[in-house]
2 protein chains.
Amino acid sequence: MSPADMPQARGERRKRSDARRNAQTLLDAAAAVFARAGIDAPVRDIAAEAGVGMGTVYRHFPTRPDLVVAVFRHQVDALAATPAGASGENPENPYEALRSWVARFTDFLVTKHGLPEALHSDQAGLESLHAEFVDRLVPVLDRLLRACVDAGRIRADVRPLDLMIAIGNLCIGADTFPGYRARHMVDVLLAGLLHHAPAPTDADRPRTPTAP
Amino acid sequence: MSPADMPQARGERRKRSDARRNAQTLLDAAAAVFARAGIDAPVRDIAAEAGVGMGTVYRHFPTRPDLVVAVFRHQVDALAATPAGASGENPENPYEALRSWVARFTDFLVTKHGLPEALHSDQAGLESLHAEFVDRLVPVLDRLLRACVDAGRIRADVRPLDLMIAIGNLCIGADTFPGYRARHMVDVLLAGLLHHAPAPTDADRPRTPTAP
DNA sequence: GAATATATGGAGCAATGCTCCGCTTGGCAA
DNA sequence: TTGCCAAGCGGAGCATTGCTCCATATATTC
């Protein structure tokens, strides 16, 4: 996890060693507390976990969302970097490339308790978190979508931003609401992008309703 | 707007007249404040709008969500009652019946600032609001979906609950996030239910990509 | 008109995000 | 090594907000 440092970047004075250490301690503590108690965990708890005072938290991360953003930044970066990498874009089957990236995105969201909810601003200045996601991930989705459209696989009237927010939204409640299958609904949404039906073989479509 | 009364229903003593009046005043005030300031408006503000004290609010609606539920109940009822009524189920085209009901549902959600967000419990005991929606609307969706499945129009692996929550989720941020087109994404989701391409007539599906 | 159950209002409590400020300390110069 | 001081720190305290408590006020009944 990269420290919130990069201190001397523009000739600024290098931060004091204890400050750098505390910033890192806070990031680790926040990650731990978020994982344990969800993203809405009180700042006090994070300060306590890190063994520092409230003032120290707010010195390093002026607002609660800043801390959240910092904690998730590198994970978002990883997500943003993916398509060019291992499970990257597949010129043969752009739709599968889209699906596979979206699956990773969905996994990420579903795993972090409360993250998808937090992406919605009206809470308390979480706009920066939202902005982070938009800035990093919309370009990726844009590429993936464009490839599909160019290949004539999907409809052209869905914008990357629409899709990103929609996926994020569909993941809300994935961990808190028992019967709800977020991943499945993301899949349905992606199917809705296609010009044609998903069913590769007719066997996939039972005539008699099946309880999933 | 039906008062929160039905007082003598089971031989219970009829509430005092001032109490009944205040309950109604509170409902009206809450509706006004919610419309003006969103669903997260402080209880104090609602009490002030109604010209009563905090204690009075909590006497009538033991918890904040109870008040929210009461305000929206009759609208939810209307939604639940629809399919048997005017724009009701269409045996000729069950998918269109589904679409038209979902459109009404979506309109409702998009209109009420903060309602879709509020449907997600982990905030502060909004479970009852959620429960209200589930109890009233899942049966409706069940009927609509079943009709589509029976007609062989849509996949059978989507449960009413999944769909209801998914639609609610897609509406989140509709009013707060500028570029996001919630209604459109609900439409895409519904298209994802279909076995075949959305186009009922081929004219509906342009081959050349269209900018939204 | 008195008695009584019912209802009211608003001070106060607890949780939580964030600020303020006096004290502490790392890093540098002598 | 020593001493200075800006950078950093801790935590009390403020504001907001959901909710509780109870002394007071009032509708209803006889």
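Keep in mind that this is a model prediction, so the values were computed, not measured. Throughout, protein chains are lettered first and strands after them, A, B, ... in sequence-line order, and every chain is numbered starting at 1.
When the C1' atom of dT16(C) is taken as reference, atom CD1 of Ile39(A) falls 17 Å away, rounded to whole Å. Atom CG in Asn22(B) sits about 11 Å away from atom P in dA27(D), given to the nearest Å. Across the protein-nucleic acid pair, Asp66(A) atom CG and dG17(C) atom C1' stand 13 Å apart, rounded to whole Å. Per the geometry, OH belonging to Tyr58(A) stands 18 Å off P belonging to dC21(C), to the nearest Å. Across the protein-nucleic acid pair, Phe61(B) atom CZ and dG18(D) atom C1' stand 16 Å apart, rounded to whole Å. dG17(C) atom C1' lies 13 Å from atom CG of Asp45(A), rounded to whole Å.
Between Thr63(A) and dG17(C), a side-chain N or O to OP1/OP2 separation shorter than 4.0 Å is absent. Contact check, His60(B) against dA7(C): no side-chain N or O comes under 4.0 Å of OP1 or OP2.
Although no hydrogens or angles enter the test, the distance criterion places no donor-acceptor pair under 3.5 Å between the side chain of His113(B) and the main chain of Arg36(B). Under a 3.5 Å cut-off, the side chain of Trp101(B) and the backbone N or O of Ala80(B) do not form any donor-acceptor pair. A donor-acceptor contact shorter than 3.5 Å is absent between the side chain of Tyr95(A) and the backbone of Leu194(A). Of the possible donor and acceptor atoms, none in the side chain of Asp162(B) sits under 3.5 Å from a partner among the backbone N and O of Tyr180(A). When atom types are taken as modelled, the side chain of Asn169(A) and the backbone of Ile172(B) share a donor-acceptor pair closer than 3.5 angstrom.
Heavy-atom nearest nucleotides on DNA chain D were determined for Arg44(A) and for Gly55(B), and the one closer to the 5' end corresponds to Arg44(A).
The side chain of Met54(A) lies closest to dA12(D), out of dA12(D), dG9(C), dT16(C). Of the candidates dA7(C), dG9(C), dT16(C), the closest approach to any side-chain atom of Pro42(A) belongs to dT16(C). Ranking dG17(C), dC19(D), dT8(C) by closeness to the Arg64(A) side chain, first place goes to dG17(C). For Arg59(B), counting side-chain heavy atoms from C-beta on, the closest listed nucleotide (dT17(D), dA12(D), dA7(C)) is dA7(C).
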Show the distances under 3.5 angstrom between N or O atoms of the protein and N or O atoms of nucleotides 24-27 of chain C.
residue	atom	partner	partner atom	Å
dT25(C)	O2	Arg16(A)	NH1	3.1
dG26(C)	O4'	Arg16(A)	NE	3.4
dG26(C)	O3'	Ser17(A)	OG	3.2
dG27(C)	OP1	Ser17(A)	N	3.0
dG27(C)	OP1	Ser17(A)	OG	3.2
dG27(C)	OP2	Ser17(A)	OG	3.4

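Between Val69(B) and Phe133(B), every side-chain heavy-atom pair lies at or beyond the 4.5 Å cut-off.
Scanning all heavy atoms of the two residues, the minimum distance from Val33(B) to Asp45(B) falls at CG2-O, 4.3 Å.
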